[in-house]
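Everything on this sheet refers to the single structure shown next.
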Amino acid sequence: MKTNLYPVTIAGIGKYTPETVITNNDLEKILDTSDEWITTRSGIKERRIVSGNETGASLAVKAGREALEYAGIDPEEIDLIICATSIPDNLYPSTACEIQRDLACSNAAAFDITAACSGLIYGLNVARSFIASGIYKKVLLASVDVHSRFLNWEDRGTCVLFGDGAGAMVLTRSEDEHDDILFIDIKADGAKSEELKIPLSGKNCPLVEPNTFKLPHVEMNGKEIYKFAINTVPESIKKAVDSAGINLNDVDCFVLHQANIRIIESISSKLGINREKFFVNLHKYGNTSSASIVIALSEAIKEGYIKSPSTLVLSGFGAGLTWGTAVIKWRG
Ligand code: UT7
């Protein structure tokens with residue numbers, strides 16, 4: 001189904017990850033774990049984490065600035081900032097508003113969306129809709145997560161998997177007839193929302209009942225998420241590619257959510273597509289949640305792994321449960 005009134009260009013991309021590196025060997029000092037276990041079960045070797053005054057917004061601002069420079073667009077030209085984040089710096093204001101302030105996008109509306117590790121795909125769909133409908137011409141889509149402040153650092157089953165980071169894309173109304181967004185499929189299954197969550201209990205009024213406040217941190221049923229990912233993502237990719245009117249073999253590169261190398265290998269084998277076509281950088285950053293796809297995409301472009309023009313599949317999955325696939329053209 002063709003939904004675009006106005007075609008959309010992906011005009012710029014950027015990423016930023018914190019400088020502090022925590023290796024698997026570092027984690028061995030505080031947990032009953034090993035580099036060998038983490039590497040074989042997940043493929044992760046190290047991750048970046050925030051320190052000092054760094055926040056999700058500060059990472060996203062650096063990624064956003066890079067994306068704006070890539071696109072050659074001034075901050076005040078941006079009509080809308082969407083920030084896909086699972087872990088906003090505050091319950092309010094939105095991280096998008098803080099990005100708007102620090103990037104001086106003085107003419108932009110700004111809001112956050114929550115779709116966890118599918119955030120980039122959901123955000124692309126929202127950004128595309130605003131441009132395709134003619135409401136806005138230039139949208140900055142940031143995706144950022146700072147999991148390190150919401151991990152139980154005594155739970156070896158979760159804390160070894162995550163890292164912090166941000167990515168950003170600039171989407172604009174096309175100057176020509178080319179549409180860089182060929183198809184986007186997004187889905188959710190709220191019935192499985194308990195499988196992966198950061199519960200927020202808040203504190204009851206002491207006049208009502210005793211407080212049961214506990215610090216929020218990631219709670220995950222790893223096995224269920226693993227099964228969900230390897231069963232759902234291949235179907236989503238097949239559907240999106242088919243709806244885009246192309247074949248799997250026409251895709252130059254697959255950039256999937258970087259959670260676990262075994263998940264990526266299983267999806268590549270289920271699709272019957274050579275593993276070489278799947279860009280992987282999770283060994284360096286761990287699972288950066290909302291940001292992982294755009295961090296990987298940006299790095300793949302910088303390293304020349306993705307050339308212009310290319311047909312790409314971006315696919316994410318995570319808490320919600322949510323999942324989604326975008327089939328795009330990269331002509332940057
Ligand atoms: O963005 C989406 C986010 N989530 C995911 O993508 C997670 C998807 N799931 C996974 O990636 C995998 O399920 C994990 C990497 C989380 C776990 O791998 P697994 O092969 O499913 O391991 P497991 O949970 O079955 O644990 C196997 C063993 C257990 O010990 P016993 O019960 O066999 O004695 C765990 O206690 O490994 C133990 N274990 C660890 N050992 C050393 C769990 N975590 C660790 C650890 N180091 N960090």
Side-chain angles (χ1 to χ4, degrees), residues 22-47 84-87 114-123 143-148 150-167 186-190 192-199 217-234 236 255-268 270 278 280-283 285-296 314-325:
I22 302 290
T23 65
N24 291 348
N25 295 123
D26 292 330
L27 291 176
E28 286 174 359
K29 293 175 199 149
I30 58 163
L31 286 167
D32 179 15
T33 190
S34 64
D35 173 49
E36 195 270 333
W37 190 96
I38 303 171
T39 306
T40 9
R41 300 290 176 128
S42 72
I44 297 163
K45 296 297 283 183
E46 57 188 42
R47 69 286 295 139
T85 183
S86 330
I87 305 171
T114 308
C117 307
S118 315
L120 191 268
I121 311 297
Y122 270 65
S143 46
V144 57
D145 270 317
V146 173
H147 258 98
S148 65
F150 290 88
L151 292 167
N152 175 357
W153 287 101
E154 292 172 1
D155 176 12
R156 65 180 185 172
T158 53
C159 73
V160 303
L161 301 173
F162 293 92
D164 304 334
I186 53 171
K187 289 280 184 306
D189 181 4
K192 297 202 177 100
S193 59
E194 295 300 313
E195 307 293 3
L196 177 52
K197 68 191 300 191
I198 302 181
H217 57 69
V218 174
E219 295 175 3
M220 178 176 74
N221 181 344
K223 282 200 182 312
E224 276 308 309
I225 300 298
Y226 189 96
K227 276 192 272 175
F228 149 70
I230 63 170
N231 290 325
T232 314
V233 175
S236 173
V255 184
L256 270 45
H257 171 44
Q258 305 283 305
N260 187 321
I261 190 65
R262 291 188 294 143
I263 292 177
I264 293 176
E265 282 168 357
S266 169
I267 292 168
S268 119
K270 284 191 173 195
F278 289 72
V280 172
N281 65 359
L282 59 85
H283 51 289
Y285 304 114
N287 178 347
T288 55
S289 195
S290 304
S292 87
I293 296 172
V294 66
I295 289 175
L314 315 179
S315 196
F317 58 89
L321 300 177
T322 57
W323 65 99
T325 298

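Start at 1 and go down the list; that is how both ligands and their atoms are numbered. Worth saying up front: this structure is predicted, and the values here are computed from it rather than measured.
With hydrogens left out, the protein atom closest to atom 2 (C) of ligand 1 is Asn287 ND2, 3.7 Å, a heavy atom. Considering only non-hydrogen protein atoms, atom 6 (O) of ligand 1 sits nearest to Ala259 CB, 3.4 Å. Looking only at protein heavy atoms, the nearest one to atom 18 (O) of ligand 1 is Arg262 NH2, 3.4 Å. Nearest to atom 40 (C) of ligand 1 among the protein's heavy atoms is Trp37 CE2, 3.3 Å. The protein heavy-atom contact nearest to atom 27 (C) of ligand 1 is Arg41 NH1, 3.5 Å. Of all protein heavy atoms, the one closest to atom 21 (O) of ligand 1 is Lys223 NZ, 3.2 Å. The nearest protein atom to atom 7 (C) of ligand 1, hydrogens excluded, is given as Met220 SD, 3.7 Å; this is a heavy-atom distance. Scanning the protein for heavy atoms near atom 48 (N) of ligand 1, the closest one is Arg156 O, 2.9 Å.
Under a 4.0 Å criterion applied to the non-hydrogen atoms of His257, ligand 1 contributes the atoms 1 (O), 2 (C). With ligand atoms numbered from 1 in the order given, ligand 1 contributes 1 (O) to contacts under 4.0 Å with heavy atoms of Cys117. Close approach of ligand 1 to Gly157 (heavy-atom distance below 4.0 Å) involves ligand atoms 44 (N). Listed by number with element, the atoms of ligand 1 under 4.0 Å from a non-hydrogen atom of Val160 are 48 (N). Near Leu161, meaning under 4.0 Å from any of its heavy atoms, are these atoms of ligand 1: 16 (C).
Between His147 and Phe162, the two ring planes are parallel [angle under 30°; tilted spans 30° to 60°].
Contact annotation for atom 45 (C) of ligand 1: protein present (non-hydrogen atoms, distance under 4.0 Å). Contact annotation for atom 34 (O) of ligand 1: protein absent (non-hydrogen atoms, distance under 4.0 Å). Atom 42 (C) of ligand 1 lies below 4.0 Å from at least one non-hydrogen atom of the protein.
Screening Asp35, Thr23, Asn24 for a side chain to side chain donor-acceptor pair (under 3.5 Å) with Lys45, the sole residue that qualifies is Asp35.
Contacts of Leu31 with ligand 1, taken as heavy-atom pairs under 4.0 Å, are absent altogether. Contact annotation for Asn260 and ligand 1: only side-chain heavy atoms (C-beta onward) come within less than 4.0 Å of the ligand. Heavy atoms of Ser42 found under 4.0 angstrom from ligand 1: none, in either backbone or side chain.
Residues Glu224 and Lys227 are paired through a salt bridge, judged by an N-O separation under 4.0 Å between the basic side chain and the carboxylate.
Asp189 has its side chain within reach of Trp323: a pair of non-hydrogen atoms, C-beta onward, lies under 4.5 Å apart. Between Ile261 and Thr39, the closest side-chain pair of non-hydrogen atoms is not below 4.5 Å.
Heavy atoms of Leu27 come nearer than 4.0 angstrom to ligand 1 in no pair at all.
Distance alone, capped at 3.5 Å, is enough to place a donor-acceptor pair between the Asp164 side chain and the Ser148 backbone. Distance alone, capped at 3.5 Å, is enough to place a donor-acceptor pair between the Gln258 side chain and the Asn281 backbone.
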Would Trp153 and Leu27 count as a side-chain contact (heavy atoms from CB on, under 4.5 Å) if you check the C-alpha gap in whole Å, the side-chain angles of each, and the deciding distance to 0.1 Å? CA-CA 9 Å; Trp153 287 101; Leu27 291 176; 3.8 Å; yes
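Side chains of Ser290 and Ser143: a donor-acceptor N/O pair is absent below 3.5 angstrom, by distance only.
Rounded to the nearest 0.5 Å, atoms CD1 (Ile263) and CG (Leu282) are 9.5 Å apart.
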